[in-house]
Engineer: 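Okay, handing you the structure first.
Convention: sequence-line order gives letters A, B, ...; per-chain numbering from 1.
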Amino acid sequence: MAGTSYGRRVSVPDISGMAPGRHAGASMPSAEVRAADDDLPRSPVAAPVLEMHGIDKRFGGVHALRGAELTVQRPGVVHGLLGQNGSGKSTLLGILSGQLRPDNGTILLGGTRTVFRSPLDALRSGIAMVVQETAIAKDLSVSENILLGRRLVRSPTGINWRRTHAKALEYLHLLGLDYDPRWPASKLRPDERQLVEIARALSMNARILILDEPTSSLTEDEVVHLFSAVQKLMQQGVSVIFVSHRIADLYSLGHEFTVLRDGKTVAQGPFVSIEPEKLVELMVGRKVASPQPKRANMRASSAPALALQGISVPGVLTSTDLEVGQGEIVGLAGLIGAGRSELLEAIFGIRPVGDGVLSVNGEPYKPGVPEEAIKRGIGYLPPDRKTQGLVLVRSVKENVMQVSTLGRSRLARPNRGEESRVVSQTMSALNIHAESPDVPVNTLSGGNQQKVALGKWLVAEPKVLLLDEPTRGVDVAAKQEIHEHLRRVARGGTALLVSSSETPELLALCDRVVVMFRGRVMGSLIGQQATEASVARLAGGEG
Amino acid sequence: MFLLVALFAYFSAAYPDTFLTSTNIMNMLTAVSVLWVLAMGMTFVLLTGGADLSVGAIAAIAGILLAKLLGAGLPGGLALILTVVVCGILGGMINGVLIGRLRLSFFLVTLASMTALTGVVYLWTDTQALVVTAPVATQIAIDKIAGVQTPIWIMLATLLVAMYVQARTYFGRDVYAVGGSLTAARLAGIRTSATLVAVYGVSGACAGLAGAIAVGRIGSATPTVDHAVALDAIAAVLLGGTSLFGGTGGVGGTALGVLFIGVLLNGLSIAGVASHWQGVVTGVILVAAVLLGERGIAGGGLGRTWRRLTRHPPNASS
């Protein structure tokens with residue numbers, strides 16, 4: 001089928017390549033989606049489910065949308081919305097969900113012109129949105145979260161819990177979920193909570209569900225879980241507008257797409273009609289260099305930059321051995337619970353190590369507190385930039401200089417000239433877009449924020465840099481820029497250890513991929529051996 | 001900023017003879033000198049996302065300590081310095097260590113230390129006031145240097161030192177980082193526990209200085225603790241634009257906040273408003289000022305302009 005062949009040409013992960021039977025209960029997305037496509041009856045000129053024409057929106061001097069268009073033809077399709085940060089995606093969705101009023105343009109639902117005066121209007125018209133920040137009350141039960149407020153089943157004596165839970169269970173079943181509706185939401189994993197939000201949308205009779213970056217913090221198996229829920233939605237005739245930076249996901253799940261750039265719709269159509277590279281080109285507006293081939297030779301060096309022997313963390317990691325040479329980029333692959341993040345945390349000193357020996361450049365090193373790790377030349381980019389990697393309310397300059405100035409006396413005065421030089425060098429090297437180095441980091445887009453978080457470590461010139469999900473929630477162009485810079489840094493002699501849930505990222509970036517499963521290193525793949533399939537096999541526990 | 005000027009202008013226009021005299025202005029400033037010093041230290045604590053409820057008790061202890069040291073014959077200057085340092089250590093070691101190293105809630109810890117230290121005050125004084133006659137007392141609170149009363153010089157000095165530390169030292173940056181995101185600061189290698197111990201130490205030291213000034217003004221160390229001053233200081237800091245959650249704000253704004261309160265209280269008493277009503281009016285105006293500040297209707301909000309000037313002097317190359 002056309003869809004899967006595009007999957008092979010560019011490193012788009014082919015989920016169907018995973019061993020069958022592994023994810024019992026979750027259907028294989030690609031094959032079935034195409035089949036559904038052909039099966040839908042040709043309805044005689046029914047009005048499209050949703051049409052947005054000529055949408056204009058200004059925010060003061062910023063022209064966020066200039067005549068944007070979006071059309072969802074039939075019910076039960078997955079419509080991918082693509083666009084870089086700043087393309088107007090969030091604004092368009094804000095208008096569709098009733099949070100913003102367009103300056104111009106029309107919205108038609110089923111052929112009827114509609115105006116939303118508030119998000120409630122949009123909800124009543126059947127449009128629901130699930131965003132990245134989970135809107136779940138952790139201490140309430142799953143049922144309460146689904147049937148929030150008025151919709152709990154009442155009887156003359158008050159809330160009828162039995163019937164409420166039964167009703168919630170209905171919606172959970174519709175999505176193929178088996179959670180006990182009486183559980184407090186805090187008992188569920190973040191990805192499961194997201195599914196509860198989708199169940200809530202269903203319970204409000206949503207006909208159009210907007211999913212805004214639902215996969216950016218999910219592991220591969222959680223993604224598959226989400227996809228099967230989305231397919232159930234399709235079966236109910238719900239149309240899903242799916243926003244994602246992960247092109248591969250969109251190809252395996254989506255039917256049609258709309259690409260926004262600079263506030264305009266530059267392309268629309270079915271996914272089968274376009275190749276991924278062309279799609280990315282349309283998003284970015286220029287030809288984007290394809291990922292560079294992995295470097296074949298390694299710089300020979302005396303001692304490995306980082307060496308682990310028998311490192312264990314009680315309950316999480318069993319005797320782990322690992323080596324990263326100077327200038328080498330080693331990837332860590334594996335499912336959730338495999339222990340990747342925990343390994344990085346242990347090396348950096350924020351997770352207590354049980355047994356084992358570590359050395360940096362041949363010298364023994366005992367992990368203690370972050371400050372010590374940094375003194376030994378180890379840097380760590382945490383997976384969550386908002387709560388761990390950056391101090392959001394402070395300026396770009398302060399964030400960038402944070403680590404490199406650690407050694408100085410606390411009563412010393414920062415050298416303004418030196419700092420502005422270093423910061424502007426960093427900003428241009430990483431192509432960070434910000435009004436000035438003095439603006440708070442929370443005014444930057446996700447990709448730029450991540451670059452600041454990374455820049456902070458690069459300024460400190462570590463010998464070993466540990467990275468956990470370095471391009472999570474980052475748009476395609478920024479992702480490429482970050483990868484390119486990481487390669488440059490490695491060429492300069494820094495050893496990189498990169499953990500990522502995106503196998504294609506590891507395959508494109510790393511010289512070697514180490515795969516973990518349940519706290520153990522299963523194997524190390526180099527060169528030709530390193531493929532999606534081989535990584536997936538080891539990640540799943542097969543020898 | 002705008003509101004402060006407006007308020008000042010109003011009172012000047014309404015009561016030119018009594019309000020706008022140099023004597024009155026100086027009195028107005030010295031009246032808030034204690035609050036000012038307390039608020040300077042409190043700013044640092046609030047910047048880390050905490051608050052120090054025990055400053056009233058520490059100030060009281062400072063007064064008693066000073067009185068006792070002077071009574072024991074120590075020279076004025078030495079006694080003063082010792083008092084401030086001891087209070088700083090007190091604040092840092094008790095509040096700072098419990099909050100910074102043991103990671104206990106600032107609210108619980110400073111509330112507990114306030115209670116405990118209040119008890120110490122009663123025990124130590126046997127509920128007797130201690131009259132202080134040593135010259136240093138009047139020197140610090142009443143005398144004038146170059147025509148301006150000493151407390152005002154102290155206010156200026158503390159402001160300048162605080163502004164320097166906040167904007168021109170790595171410690172200042174650490175304070176803002178810890179307040180902005182404790183986790184991110186720790187992961188970047190910043191010694192967050194040391195920073196927290198230090199800010200509560202600073203707050204304690206400021207409380208010590210404030211207590212000394214108070215003793216000077218009254219002439220004796222009273223065996224009572226004014227618990228309200230802590231909240232007054234917090235109010236002044238928040239009025240000045242520092243966020244309750246930490247990470248943004250600064251002593252420049254706090255200065256404006258204290259001045260605002262000073263002008264308000266002074267103006268109200270000149271206007272003949274009964275002292276009980278003063279409390280009500282002050283409360284209402286505080287809320288109004290913070291609201292207007294948030295919404296920016298007053299054109300940038302109290303303290304925001306000042307903060308921009310004091311925290312980020314223009315770069316040579318931006």
Side-chain angles (χ1 to χ4, degrees), chain A residues 345 348-350 369-375 378-395 397-417 419-421 423-424 435-442 453 456-457 460 462 466 468, chain B residues 44 46-49 101 161-199 201-202 241-250 304 307-318:
Chain A
E345 287 168 2
F348 192 60
I350 52 184
V369 282
E371 200 198 348
E372 285 173 28
I374 294 169
K375 268 200 208 127
I378 302 178
Y380 171 63
L381 185 67
D384 187 343
R385 58 176 167 272
K386 291 203 167 121
T387 60
Q388 303 170 314
L390 291 168
V391 182
L392 287 178
V393 294
R394 307 308 303 166
S395 68
K397 181 174 72 172
E398 279 184 36
N399 274 281
V400 167
M401 298 306 301
Q402 235 173 26
V403 177
S404 60
T405 55
L406 279 180
R408 318 225 180 138
S409 151
R410 295 292 101 187
L411 291 177
R413 203 176 55 177
N415 184 329
R416 292 196 183 265
E419 289 204 335
S420 54
R421 193 176 38 86
V423 172
S424 66
E435 242 172 74
S436 91
D438 297 314
V439 295
V441 174
N442 55 21
K456 173 174 75 178
W457 290 106
L466 310 168
D468 202 339
Chain B
F44 281 93
L46 268 143
L47 281 175
T48 62
R101 303 218 77 217
V161 169
M163 272 168 55
Y164 181 82
V165 169
Q166 160 186 293
R168 307 283 200 126
T169 61
Y170 288 114
F171 172 68
R173 286 228 187 129
D174 287 355
V175 169
Y176 279 103
V178 166
S181 168
L182 184 65
T183 317
R186 199 166 354 113
L187 287 176
I190 292 176
R191 288 163 61 218
T192 53
S193 15
T195 308
L196 285 170
V197 169
V199 293
V202 165
T242 297
S243 161
L244 192 54
F245 304 106
T248 53
R304 216 169 292 167
R307 262 185 287 129
R308 224 173 264 135
L309 289 172
T310 54
R311 271 207 349 241
H312 295 293
N315 276 346
S317 53
S318 47

Engineer: Looking at chain B, which one of A:P414, A:A373, A:G389, A:P370 has the largest number of heavy-atom pairs inside 4.5 Å, strictly under?
Structural biologist: A:P414
Engineer: Considering only heavy atoms, which portion of A:L392 lies under 4.5 Å from any heavy atom of chain B: side chain, backbone, both, or neither?
Structural biologist: neither
Engineer: Could you work out, with salt bridge (charged side-chain N to carboxylate O under 4.0 Å, His left out) as the rule, every residue matching A:R413, not counting sequence neighbours?
Structural biologist: none
Engineer: Quick one: CD on A:E345 to CG on A:L466, what's the gap to the nearest 0.5 Å?
Structural biologist: 10.5 Å
Engineer: So do B:S181 and A:L390 actually touch side chain to side chain, heavy atoms under 4.5 Å?
Structural biologist: no
Engineer: Counting heavy-atom pairs under 4.5 Å with chain B, which one of A:L406, A:V393, A:L411 comes out on top?
Structural biologist: A:L406
Engineer: Heavy-atom distance under 4.5 Å to chain B: side chain of A:T387, backbone, both or neither?
Structural biologist: backbone
Engineer: So which part of A:K375 gets closer than 4.5 Å to some heavy atom of chain B, the side chain, the backbone, both or neither?
Structural biologist: neither
Engineer: For chain B, which residues from residues 378-386 of chain A lie under 4.5 Å away (heavy-atom distances)?
Structural biologist: A:Y380, A:P382
Engineer: Can you measure from CG (B:L187) to NZ (A:K456) and round to the nearest 0.5 angstrom?
Structural biologist: 7.5 Å
Engineer: Only one of B:T192, B:L47, B:V199 forms a side-chain contact (heavy atoms from CB on, under 4.5 Å) with B:V178, so which one is it?
Structural biologist: B:T192
Engineer: If you draw the axis of the six-membered ring of B:Y176, does the NZ or CZ of A:R394 fall within 45° of it and under 6.0 Å from the ring centre?
Structural biologist: yes
Engineer: Go through B:G246, B:A185, B:A184 and name the one with the most non-hydrogen pairs under 4.5 angstrom from chain A.
Structural biologist: B:A184
Engineer: Report the option among B:A177, B:G180, B:A188 that has the most heavy-atom pairs separated by less than 4.5 Å from atoms of chain A.
Structural biologist: B:A188
Engineer: Residues in salt bridge (charged side-chain N to carboxylate O under 4.0 Å, His left out) with B:R186, at least two apart?
Structural biologist: none
Engineer: If you compare all heavy atoms of B:R191 against all heavy atoms of B:T195, which two are closest, and at what distance to 0.1 Å?
Structural biologist: O-OG1, 2.8 Å
Engineer: Can you list every pair that meets salt bridge (charged side-chain N to carboxylate O under 4.0 Å, His left out) and has a residue in residues 169-183 of chain B, with sequence neighbours left out?
Structural biologist: A:R410-B:D174, A:E419-B:R173
